[in-house]
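Written out below as structure tokens is the structure these notes cover.
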Amino acid sequence: ADTMADKTPVPESALKARKSLEEIKAARTARIAKLKAKSSSNKKEYFKRAEKYVSEYRKIERSQIFLRRQAKEGGNFYREPEAKIAFVIRIRGINGVDPK
């Protein structure tokens, strides 16, 4: 059972390198597992948020249809709300000095 391979001394530098590689691998696997868990929870959060937006837009659309029908029943017209948008332009003078 005693063979020469069992008694062959291994250089200390090789042992240290092996040990540090194992530590690096362990840290890497732990980090990857942590990132996967976070990514999974983030995906769920993003999906919930998207569902909320979809339901919000559906609700708005249904209310628009209701208001249109209500106006039509009463012999009126329904005016669609316009998009809310604003253009903001910041004017900057020469050399960072505000224009007078």
Side-chain angles (χ1 to χ4, degrees):
D2 289 331
T3 61
M4 195 67 167
D6 291 341
K7 297 179 181 179
T8 306
V10 180
E12 198 169 323
S13 60
L15 291 175
K16 283 183 179 179
R18 192 180 301 161
K19 184 179 176 187
S20 66
L21 277 175
E22 287 173 1
E23 288 174 357
I24 290 170
K25 279 184 180 180
R28 184 183 300 144
T29 54
R31 189 175 72 236
I32 288 172
K34 190 176 177 183
L35 285 173
K36 279 186 180 181
K38 189 174 182 181
S39 174
S40 174
S41 67
N42 281 349
K43 279 182 188 175
K44 289 175 186 172
E45 182 70 30
Y46 298 152
F47 190 75
K48 282 181 187 175
R49 198 175 298 160
E51 279 184 330
K52 188 179 84 171
Y53 288 132
V54 167
S55 66
E56 184 181 324
Y57 286 118
R58 273 200 193 121
K59 190 172 127 186
I60 291 170
E61 190 150 341
R62 295 300 304 164
S63 70
Q64 296 287 328
I65 291 169
F66 173 75
L67 290 171
R68 248 185 261 128
R69 286 178 181 164
Q70 194 177 21
K72 195 173 182 181
E73 274 181 19
N76 297 318
F77 292 101
Y78 176 69
R79 185 168 166 266
E80 296 282 333
E82 295 179 13
K84 297 174 185 172
I85 187 167
F87 288 100
V88 179
I89 301 172
R90 180 174 182 256
I91 300 172
R92 190 174 183 142
I94 299 169
N95 294 332
V97 178
D98 292 335
K100 301 281 187 250

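On a predicted model such as this, the values are computed, not experimentally measured, just so you know. Note: hydrogens, waters and symmetry copies are ignored here, and every other heavy atom, side chains too, is used.
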Let me check something: any side-chain donor-acceptor pairs from residues 28-47 under 3.5 Å, sequence neighbours excluded? List them with distances.
| from | atom 1 | to | atom 2 | distance (Å) |
| --- | --- | --- | --- | --- |
| Thr29 | OG1 | Lys25 | O | 3.1 |
| Thr29 | OG1 | Ala26 | O | 2.8 |
| Ser41 | OG | Lys38 | O | 2.8 |

Kindly write out the residues that satisfy salt bridge (charged side-chain N to carboxylate O under 4.0 Å, His left out) with Glu23, not counting sequence neighbours, or none if the list is empty. none
Pairs involving residues 47-58, ordered by first then second residue, that meet side-chain hydrogen bond (donor to acceptor under 3.5 Å, both in side chains) (sequence neighbours left out): none
Quick one: side chains of residues 62-73, donor-acceptor pairs under 3.5 Å with protein atoms, not counting sequence neighbours, listed by atom name and distance.
| from | atom 1 | to | atom 2 | distance (Å) |
| --- | --- | --- | --- | --- |
| Ser63 | OG | Ile60 | O | 2.7 |
| Gln64 | OE1 | Tyr78 | OH | 2.9 |
| Arg68 | NE | Glu80 | OE2 | 2.8 |
| Arg68 | NH2 | Glu80 | OE2 | 3.2 |

Please name all residues satisfying side-chain contact (heavy atoms from CB on, under 4.5 Å) with Ala14, sequence neighbours left out, ordered by chain then number. Val10, Pro11
